[in-house]
Amino acid sequence: MEKKLRVGVLGATGMVGQRFISLLENHPWFEVVTVAASPRSAGKTYEEAVGGRWKMTTPMPEAVKKLVVMNVNEVEKVASTVDFVFSAVDMSKDEIRKIEEEYAKTETPVVSNNSAHRWTPDVPMVVPEINPEHFEVIEFQKKRLGTKRGFIAVKPNCSIQSYAPVLTAWKEFEPYEVVATTYQAISGAGKTFKDWPEMVENIIPYIGGEEEKSEQEPLRLWGHIEDGVIVKAEEPKITCQCIRVPVLNGHTAAVFVKFRKNPTKEQLVEKLVNFRGLPQELKLPSAPEHFIRYMEEDDRPQVRLDVDYEKGMGVSVGRLREDTIYDWKFIGLSHNTVRGAAGGAVLCAETLVAKKYIEAKA
């Protein structure tokens, strides 16, 4: 790319916003030129606005420290400075739906980490290795919004990244019933142990709204476009429990699967390690070379050892074995704020650039 696209981050001071900032440092295609947040942060430099709340393990990039934070509600003003935006705003769902559409109507594409538009019928919710063809629904969305280049695209919930790609790799064996329990890191709630000391040596068996997302969102990924909207798949039926555990980064899933066909372990492993998608074919900047790896050790994957596989953009799978009630069971692990949040959105944006949905404003 001759000239980098100008990027804005909405909700730049929160944890996911910070993850966007850190992932976009030295990105070959994108340059963060605008940071926007709530009115209370507006007018301060990014460094001042974040203060002691920088939650990444890497230092705050020098290039953003002196950027003056803009008021995210001043839509026209923010939009005029960028080619597209990443959205990680912390608002109610209704407020998020409204403001993301307002940005799209300024002819500014919005690539969102938020859940507000995941079930808007003409908004694509995409894991680029799984369903990049869903971006085609954008043309119908633009007609509804009355835009030429403005639209909204979203990525799915972090909780499904450790098992939905695996089930996708096994599609030809026709999985039809799935039981999953996810053990979710505290950064999924935007927290660190410093913010949330009651999570030390603790487990909380409830995460609001998470179980419904974990059961339903994979079906939308596996759906199809019909009459200008995404129609979700009917199978596999998924039931899920979501548990908050004392881990900083990394969502682990324990999953049981029934198949209509009868695959061998060798066939299942072969499908995982050879699974490729459009990002790998196009060699996109954030694409993991190997999206899914299989680990033979009985005690892997482990969060501490494996969460950063492929810079946090890959999925680690282990303990694949036959089950006495279901057919097969396995453990999956993914990085919830990289692949599951900001990194997944950056890969969506790269795919949208490759497919010419995002281009520089004239």
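Every heavy atom of this structure was used, including side-chain atoms; hydrogens, water molecules and symmetry mates were not.
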Side chains of residues 239-256: which donor-acceptor partners sit under 3.5 Å, not counting sequence neighbours?
| from | atom 1 | to | atom 2 | distance (Å) |
| --- | --- | --- | --- | --- |
| Arg244 | NH1 | Ala185 | O | 2.7 |
| Asn249 | OD1 | Ser187 | OG | 2.8 |
| His251 | ND1 | Ala185 | N | 3.0 |

List, one per line, each side-chain donor-acceptor pair under 3.5 Å for residues 7-14, sequence neighbours excluded.
none

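Remark: Asp306 engages Arg300 in a salt bridge, criterion side-chain N to carboxylate O under 4.0 Å. Under a 4.0 Å N-O distance rule, the pair Lys143/Asp122 does not qualify as a salt bridge. Using a 4.0 Å cut-off between charged side-chain N and carboxylate O, Glu215 and Lys237 make no salt bridge. Using a 4.0 Å cut-off between a side-chain N of Lys or Arg and a carboxylate O of Asp or Glu, Glu235 and Arg260 qualify as a salt bridge. Salt bridge Lys65/Glu62: present, at least one basic N to carboxylate O contact under 4.0 Å.
Although no hydrogens or angles enter the test, the distance criterion places no donor-acceptor pair under 3.5 Å between the side chain of Asn114 and the main chain of Ala116. For the pair Glu100 (side chain) and Val110 (backbone), a donor-acceptor distance under 3.5 Å is absent. Here the side chain of Lys361 pairs a donor or acceptor atom with the backbone of Val82 at under 3.5 angstrom. Remark: the backbone N or O of Lys191 is not paired with any side-chain donor or acceptor of Asp195 at under 3.5 angstrom. Between the Glu139 side chain and the Glu136 main chain, no donor and acceptor come within less than 3.5 Å of each other. Checking side-chain atoms of His335 against main-chain N and O of Val338 turns up a donor-acceptor pair under 3.5 Å. Although no hydrogens or angles enter the test, the distance criterion places no donor-acceptor pair under 3.5 Å between the side chain of Asp327 and the main chain of Lys261. A donor-acceptor pair is defined here as one N or O able to donate and one able to accept, closer than 3.5 Å; such a pair exists between the side chain of Glu95 and the backbone of Ser92. Remark: side-chain polar atoms of Trp54 are paired, donor with acceptor, to backbone N or O of Thr58 under 3.5 angstrom. Remark: the backbone N or O of Val315 is not paired with any side-chain donor or acceptor of Gln161 at under 3.5 angstrom.
In this model, no donor atom of one side chain and acceptor atom of the other lie less than 3.5 Å apart for Gln280 and Glu289. When only modelled atom types and interatomic distance are considered, Asn202 and Glu198 share no side-chain donor-acceptor pair under 3.5 Å. Side-chain N/O atoms of Glu211 and Ser214 include no donor and acceptor closer than 3.5 Å. Checking Asn157 against Ser159 by side-chain atom types alone, a donor-acceptor pair falls below 3.5 Å. Side-chain contact, Thr45 with Glu47: no donor N or O sits under 3.5 Å from an acceptor N or O.
Around CD of Glu133, the count of heavy atoms belonging to other residues, nucleotides or ligands within 6.0 Å exceeds 12. Enclosure of atom CG in Asn73 by more than 12 non-hydrogen atoms of other residues, nucleotides or ligands within 6.0 angstrom is indicated. Residue Asp299 qualifies as enclosed at atom CG: its count of foreign heavy atoms under 6.0 Å is above 12.
Under a cutoff of 6.0 Å and an axis angle of 45°, Arg321 and Trp328 do not form a cation-pi pair.
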Candidate pair Phe86 and Asn113, rule side chain to side chain contact (heavy atoms under 4.5 Å, CB included), full reasoning: CA-CA 8 Å; Phe86 290 110; Asn113 182 69; over 6 Å; no
Derivation of the salt bridge (Lys or Arg N to Asp or Glu O under 4.0 Å) call for Lys329 and Asp323:
CA-CA 6 Å; Lys329 54 191 172 186; Asp323 186 58; 3.1 Å; yes
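When all heavy atoms are compared, the tightest approach of Gln267 to Pro263 is OE1-CA, 3.3 Å.
Using bins of under 30°, 30° to 60° and over 60° for the plane-to-plane angle, the ring pair Phe30/His27 lands in the parallel bin.
When each of Lys155, Arg339, Arg276 is tested with Glu129 by the rule salt bridge (charged side-chain N to carboxylate O under 4.0 Å, His left out), just one qualifies, namely Arg339.
For the pair Thr351/Tyr357, no side-chain contact is recorded, criterion being any heavy-atom separation below 4.5 Å from C-beta on. Side-chain contact between Val75 and Ile99 is present, with at least one heavy-atom pair separated by less than 4.5 Å.
Aromatic rings from Trp170 and Phe330 are positioned such that their centres are separated by under 6.0 Å.
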